[in-house]
Number of protein chains: 2
Amino acid sequence: MLEELGLEELSLRKIAARVGVSHAAPEHHFPTLRHLLTAFAVEGFRLFAASMRSAMAQAPDDPAEQLRAAARGYLAFASTRPHLFRLMFTANRLDWDDPALGPPSNAAHAVLEEISLPVAKRLKRDTPEGRAAVEQLVWSQIHGHAHLLIDGKLAPEGDGGTGCEPFAAPLDLASVLLPD
Amino acid sequence: MLEELGLEELSLRKIAARVGVSHAAPEHHFPTLRHLLTAFAVEGFRLFAASMRSAMAQAPDDPAEQLRAAARGYLAFASTRPHLFRLMFTANRLDWDDPALGPPSNAAHAVLEEISLPVAKRLKRDTPEGRAAVEQLVWSQIHGHAHLLIDGKLAPEGDGGTGCEPFAAPLDLASVLLPD
DNA sequence: TCCTCATCTTGTCGGTGACAAGATCAAGCA
DNA sequence: TGCTTGATCTTGTCACCGACAAGATGAGGA
């Protein structure tokens with residue numbers, strides 16, 4: 001329903017109606033809309049990490065290929081579930097004190113650290129600060145691409161599209177940071 | 001009021017009350033909340049472009065420095081007006097058929113094209129497709145950085161912060177794409 | 001048998017965007 | 001001067017929303 005209606009149009013009452021239950025029933029399971037959205041994000045981060053892991057598992061065991069694959073998984077998730085993706089990264093709608101949110105979020109983050117490490121080594125920045133800087137650079141690029149994609153800022157650039165996957169960037173960071 | 005209350009807490013009625021006017025008065029000027037938010041975005045894109053232009057005007061006339069300066073202006077705007085920034089890039093809340101939205105948006109976009117051109121040349125990709133690819137790469141990185149910043153994903157990395165500007169990336173694309 | 005607790009229902013509250021009908025008032029014109 | 005017009009605002013109302021309160025229901029255990 002989140003992807004169907006969008007976050008703005010989604011309401012506890014519509015969810016209850018769809019389930020065939022009274023308008024106040026959901027509030028027993030999720031005292032507040034905030035709790036429900038946080039539960040969405042928990043599941044979202046799980047799916048998010050799985051999407052990246054799945055893409056990486058299908059790619060050659062090469063740093064640049066793994067970096068590209070993770071980005072593909074990142075963008076595939078964002079474009080498949082744009083509203084969930086946006087929700088997961090909208091701080092003020094989520095309860096980050098909920099202990100259920102930490103582990104899935106960290107699991108997704110771990111993927112980023114993993115793919116950034118070879119880049120840091122290649123750039124001779126294999127220190128804690130260096131790794132953090134490289135991770136920030138890599139993450140920013142993929143994250144920005146995802147946001148621009150789901151906000152429709154990237155598609156209209158296209159030539160006569162042959163339905164090409166939106167996540168095959170014509171110029172990717174991997175080829176810049178990890179040249180052959 | 002947008003930055004003070006956030007988009008979720010902002011309402012036509014609160015705006016009317018603050019102005020000291022009846023709850024239905026704003027609807028004459030902005031028939032719909034959507035129209036008001038679109039007007040916000042129009043002004044937002046103006047301020048956004050101005051923020052980038054201002055930073056660029058204070059920087060040396062060097063491609064890498066201009067690229068860094070534009071990024072600084074981009075991030076300064078996003079961190080100063082996070083709710084407006086998010087609104088501007090949330091497609092489904094805005095009326096992109098409103099003719100007032102195109103010019104300011106294009107003006108902001110023009111800055112990106114401008115700073116991406118030297119990078120395309122340096123990378124020997126000075127064709128229409130190449131320029132678009134480079135612009136997408138540069139834009140994605142800055143845009144992602146901005147989003148991560150306003151969603152609080154970047155700050156906690158920090159050492160004992162000396163209140164350093166959040167937009168001084170420890171490793172910036174300019175130094176990777178435009179080495180001395 | 002009775003208690004307890006999770007679950008759900010019903011009813012209500014204030015707040016919200018949207019709409020309708022009418023009041024007010026200044027500008028323009030005969 | 002007096003009328004009209006149109007922009008602006010008010011008042012009142014509607015359905016919808018999240019939240020809360022009070023109570024019905026029903027299963028499992030003491």
Side-chain angles (χ1 to χ4, degrees), chain A residues 1-45 81-101 105 150-152, chain B residues 1-45 81-101 105 150-152:
Chain A
M1 288 184 73
L2 175 60
E3 296 305 331
E4 181 182 329
L5 300 174
L7 184 55
E8 315 302 329
E9 289 303 311
L10 187 66
S11 71
L12 286 170
R13 292 164 108 105
K14 283 178 185 167
I15 295 173
R18 173 95 65 139
V19 175
V21 108
S22 77
H23 71 261
E27 299 181 29
H28 184 78
H29 305 269
F30 304 97
T32 271
L33 179 59
R34 192 180 196 76
H35 289 81
L36 177 63
L37 297 183
T38 302
F40 282 3
V42 168
E43 183 61 13
F45 277 111
R81 303 177 131 90
H83 290 100
L84 180 54
F85 178 81
R86 234 190 303 260
L87 173 64
M88 286 157 50
F89 287 95
T90 303
N92 60 1
R93 298 282 263 165
L94 264 32
D95 179 15
W96 282 96
D97 291 335
D98 188 329
L101 198 47
S105 167
I150 66 181
D151 286 329
Chain B
M1 288 186 72
L2 175 59
E3 296 305 332
E4 182 183 329
L5 300 174
L7 184 54
E8 315 302 329
E9 289 303 312
L10 187 67
S11 72
L12 286 170
R13 293 164 107 105
K14 284 178 185 167
I15 296 172
R18 177 99 100 197
V19 175
V21 109
S22 77
H23 72 260
E27 299 180 29
H28 184 77
H29 305 268
F30 305 98
T32 272
L33 180 58
R34 192 182 196 76
H35 289 81
L36 177 62
L37 297 183
T38 302
F40 282 3
V42 168
E43 183 61 13
F45 277 111
R81 302 177 131 91
H83 291 101
L84 180 54
F85 178 80
R86 233 190 304 260
L87 172 64
M88 284 157 51
F89 287 96
T90 302
N92 61 1
R93 299 281 264 167
L94 265 32
D95 178 16
W96 281 95
D97 293 335
D98 186 329
L101 197 46
S105 168
I150 66 181
D151 286 331

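The structure presented is a predicted model; accordingly, all values stated were derived computationally and were not measured. Here is the naming used below: chain letters follow the sequence lines, and residue numbers restart at 1 for every chain.
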Using a cut-off of under 3.5 Å, enumerate the N/O to N/O pairs linking the protein to nucleotides 5-12 of chain D.
from, atom 1, to, atom 2, distance (Å)
D:dT8, OP2, B:His28, NE2, 3.2
D:dC9, OP2, B:His29, NE2, 2.5
D:dT10, OP1, B:Ser22, N, 3.4
D:dT10, OP2, B:Ser22, N, 2.3
D:dT10, OP2, B:Ser22, OG, 2.5
D:dT10, O5', B:Ser22, OG, 3.4
D:dG12, O6, B:His23, NE2, 2.8

Whole-Å distance separating the [atom1] atom of [X] from the [atom2] atom of [N]:
X       : N      : atom1 : atom2 : result
A:His35 : D:dA19 : NE2   : P     : 10 Å
A:Glu9  : C:dA18 : CD    : P     : 11 Å
A:Arg13 : C:dG15 : CZ    : C1'   : 12 Å
A:Phe30 : D:dG18 : CZ    : P     : 14 Å
A:Leu37 : D:dC17 : CG    : C1'   : 14 Å
A:Glu27 : C:dA6  : CD    : P     : 17 Å
B:Leu10 : C:dT16 : CG    : P     : 10 Å

Give a yes/no answer on whether the side chain of [X] brings an N or O atom under 4.0 Å of OP1 or OP2 in [N].
X       : N      : answer
B:Ser11 : C:dG15 : no
B:Thr32 : C:dA18 : yes
B:Lys14 : C:dG15 : no

Neighbour count >12 (heavy atoms, 6.0 Å) for atom CD, A:Glu9: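 Incorrect, the count does not exceed 12.
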In residues 1-8 of chain B, which ones come under 4.0 Å of DNA chain D, going by heavy atoms?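 Close to the strand, none.
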Close residues, residues 81-100 of chain A, relative to DNA chain D [heavy-atom separation under 4.0 Å]: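 Within this stretch, nothing sits under 4.0 Å of the strand.
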[atom1]/[X] to [atom2]/[Y] distance, rounded to the nearest 0.5 angstrom?
X       : Y       : atom1 : atom2 : result
A:Leu94 : A:Phe89 : CG    : CZ    : 10.5 Å
A:Arg81 : A:Leu87 : CZ    : CG    : 12.5 Å
B:Phe45 : B:Phe85 : CZ    : CZ    : 9.0 Å
B:Arg93 : A:Glu8  : CZ    : CD    : 4.0 Å

Yes or no on side chain to side chain contact (heavy atoms under 4.5 Å, CB included) for A:Phe30 and A:Thr38, after CA distance, side-chain angles and deciding distance? CA-CA 10 Å; A:Phe30 304 97; A:Thr38 302; over 6 Å; no
Under the salt bridge (Lys or Arg N to Asp or Glu O under 4.0 Å) test, which residues partner A:Glu3, sequence neighbours left out?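 By the salt bridge (Lys or Arg N to Asp or Glu O under 4.0 Å) rule, A:Glu3 matches no residue at all.
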Check the pair B:Leu36, B:Ile15 against side chain to side chain contact (heavy atoms under 4.5 Å, CB included), reporting the backbone distance first and the verdict last. CA-CA 11 Å; B:Leu36 177 62; B:Ile15 296 172; 3.6 Å; yes
Student check: side-chain heavy atoms of B:Leu10 and B:His83 closer than 4.5 Å: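 No, side chains not in contact.
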Check: A:Asp95 and A:Thr32 side chains under 4.5 Å, non-hydrogen atoms: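 Contact flag for A:Thr32/A:Asp95 side chains = no.
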Partners passing side-chain hydrogen bond (donor to acceptor under 3.5 Å, both in side chains) against B:Arg86 (at least two apart in sequence or in another chain):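 Only B:Asp151 meet the side-chain hydrogen bond (donor to acceptor under 3.5 Å, both in side chains) criterion with B:Arg86.
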Between the first and last five pairs of the helix from C:dT1-D:dA30 to C:dA30-D:dT1, the angle of the axes, rounded to 10 degrees: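 Comparing the first five pairs with the last five, the axes sit 20° apart.
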Determine, stepwise, if the pair A:Met88 / A:Glu43 fulfils side chain to side chain contact (heavy atoms under 4.5 Å, CB included). CA-CA 10 Å; A:Met88 286 157 50; A:Glu43 183 61 13; over 6 Å; no
Apply the side chain to side chain contact (heavy atoms under 4.5 Å, CB included) test between A:Leu84 and each candidate in A:Leu7, A:Leu2, A:Leu37; give the one that qualifies.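 Between A:Leu84 and the candidates, side chain to side chain contact (heavy atoms under 4.5 Å, CB included) is satisfied uniquely by A:Leu2.
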Salt bridge check, A:Arg18 against A:Glu4: does any charged N sit closer than 4.0 Å to a carboxylate O?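 Yes, charged N to carboxylate O under 4.0 Å.
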